[in-house]
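When a ligand or atom number is given, it counts from 1 through the structure's own listing order.
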Amino acid sequence: MTFKKINIIEPILKALEEEKYSVPTPIQQQAIPVILKGNDIMGCAQTGTGKTAAFAIPILQQLANRPAKQPNVIRTLILTPTRELAIQISDNFTCYGRYLQLKHTLIFGGVSQFHQVKALRKGSDILIATPGRLLDLMSQKEIDLSNLEIFVLDEADRMLDMGFVYDVKKIVASLPAKRQTLLFSATMPDSIKKLAGKILSNPEYVSVDPVSSTAQSVTQSVYFVEKQDKEKLLANILDDASISRSLVFTRTKHGANKLVEKLSRKGISAAAIHGNKSQNARQKALADFKLNSLRVLVATDIASRGIDIDELPHVVNFDLPEVPETYVHRIGRTGRGGKSGTAITFCSTDEKSDLKNIEKLIGVSLTVSEVE
Ligand code: AMP
């Protein structure tokens, strides 16, 4: 199977070749032909499966092949829950679309709207947005979606977890009824199925992992440890120099900050990313982590969404997530592309019921590791 075989046009093929993408990933093999046909899609895929390209490539191709009804109108909207994810999607469009004449604009909250509005006024074919800023700019009449052809709802489960359900409904209500809609979600709880029933029309279902499964290539284990002993345990684990980088999840922003402080005091380079950090601070922490100049990145779930780091072998659940599906998202950060990964979970007495729910969801009991 090659990208040429699934009829990708020359300018995109050239970009993919330069990216050294030799074969489409399974989600791309399934989704691209369906999207090119103009069908709606319900895609179940975890991060790391190549799902962004699975929608970005056929969207670029359709827009390039089909003339716009009017000049300078937004033809595609991609709605995604977090700024980091929006930036990554935008990077994907820049990458695969570099030999096409299509323009895309990125808008998200937490920064001044000035440059975003300026970019919008110049006109763009593709808009990548987080829900709050999109609604804000729509109410200011800076955005007109009446000519929309394709709507993508990315990371739909996370969108609902973050409480965006009313925003999403409001945005969908403002879109033309005749459109192509693509919904992607890592997990398919009932709330997502219900939403899909409302916004999709005769969708084809594509899926690369059984619902809520974790990657086979990830070794998962749990330490039973009390809250006050978790920092010490983490420091002990990190004594192993073969762990070059570790992504650590805490439940709260405060917890993330506290942990960074404690690790730094022990000489372990660490930084936190969460909603209270400025966009610049988050981007810097992520860049340092990617460049290996930071050993530990401590993240809350919301901030971590969509983090795309190649070859991340180590994830630690310092706190257990309350929503079991979140565990699947976290684990999805490691063991990508067939590489092996390790996911370690710290479970205190009051988190045992959360652990039970996770094990029920993934259908596996985590191996118990003993605290030395
Ligand atoms: P995603 O699931 O969209 O977060 O993508 C995960 C990673 O896979 C990203 O770093 C992409 O650049 C990469 N990727 C996507 N499609 C392919 C492909 N066909 N071959 C190799 N790498 C890919």
Side-chain angles (χ1 to χ4, degrees), residues 1-9 12-36 41-61 76 78-98 104 106 126 128 152-159 182-187 206-209 213-218 245 247 286-287 289-291 299 301 303-313 315 328-341:
M1 179 63 75
T2 59
F3 282 104
K4 203 169 179 163
K5 266 230 167 86
I6 52 173
N7 298 321
I8 301 305
I9 54 175
I12 301 178
L13 281 182
K14 193 171 163 200
L16 295 176
E17 257 161 45
E18 286 168 9
E19 286 304 302
K20 308 230 170 350
Y21 289 9
S22 45
V23 287
T25 66
I27 188 74
Q28 291 162 6
Q29 288 181 29
Q30 291 182 50
I32 292 174
V34 178
I35 299 172
L36 287 176
I41 248 187
M42 168 118 164
C44 186
Q46 297 173 4
T47 43
T49 55
K51 119 184 118 63
T52 317
F55 65 79
I57 292 169
I59 287 174
L60 285 164
Q61 179 150 332
T76 292
I78 295 146
L79 197 60
T80 191
T82 69
R83 306 176 236 196
E84 280 78 11
L85 209 45
I87 293 168
Q88 271 171 30
I89 293 171
S90 170
D91 290 346
N92 273 251
F93 273 93
T94 307
C95 177
Y96 315 133
R98 61 180 173 259
H104 65 270
L106 171 63
I126 300 154
I128 301 151
V152 182
L153 185 61
D154 186 36
E155 307 269 354
D157 50 352
R158 174 59 37 165
M159 198 81 88
L182 318 173
L183 184 152
F184 286 90
S185 193
T187 55
V206 295
S207 166
V208 284
D209 277 304
S213 75
T214 45
Q216 297 288 323
S217 48
V218 182
R245 284 185 305 180
L247 179 61
L286 202 53
F289 190 60
K290 284 185 179 182
L291 288 171
D301 287 302
S304 78
R305 193 64 178 162
I307 288 180
D308 175 23
I309 302 159
D310 293 333
E311 294 180 39
L312 177 70
V315 168
V328 181
H329 288 304
R330 291 181 179 183
I331 299 303
R333 301 304 189 291
T334 181
R336 289 183 169 198
K339 295 205 178 82
S340 63

Checklist entry - With a 4.0 Å heavy-atom cut-off (strictly under), which part of Gln28 contacts ligand 1: side chain, backbone, both or neither? => result side chain

Checklist entry - Any N/O of Lys51 closer than 3.5 Å to an N/O of ligand 1? => result yes

Next on the checklist: Using every non-hydrogen atom in the two residues, find where Ala299 and Leu247 come nearest and quote the distance to one decimal.
Outcome noted: CB-CD1, 4.3 Å

Next on the checklist: For Thr52 and Asn92, which I'm curious about, is there any donor-acceptor pair between the side chains at under 3.5 Å?
Outcome noted: no

Checklist outcome for this item: With sequence neighbours left out, the residues meeting salt bridge (charged side-chain N to carboxylate O under 4.0 Å, His left out) with Glu18 are Arg98

Next on the checklist: Geometry only, no angles: is Thr52 polar-contacting ligand 1 at N/O separations under 3.5 Å?
Outcome noted: yes

Checklist entry - Closest heavy-atom contact between Ile27 and Ala45? => result CD1-CB, 3.9 Å

Checklist entry - Taking Gln30 for the side chain and Gly43 for the main chain, is one N or O donor matched with an acceptor at less than 3.5 Å? => result no

Next on the checklist: Using the side-chain hydrogen bond (donor to acceptor under 3.5 Å, both in side chains) criterion, which residues pair with Thr94? Sequence neighbours excluded.
Outcome noted: His104

Next on the checklist: Applying a heavy-atom cut-off of 4.0 Å, say which part of Phe3 lies close to ligand 1: side chain, backbone, both or neither.
Outcome noted: side chain

Checklist entry - Does Gly50 reach ligand 1 with a nitrogen or oxygen that is under 3.5 Å from one of the ligand's nitrogen or oxygen atoms? => result yes

Next on the checklist: For ligand 1 and Thr49, I'd like to know whether there is a polar contact (N/O to N/O, distance under 3.5 Å).
Outcome noted: yes

Checklist entry - Should Val23 be listed as contacting ligand 1, given a heavy-atom distance under 4.0 Å as the test? => result yes

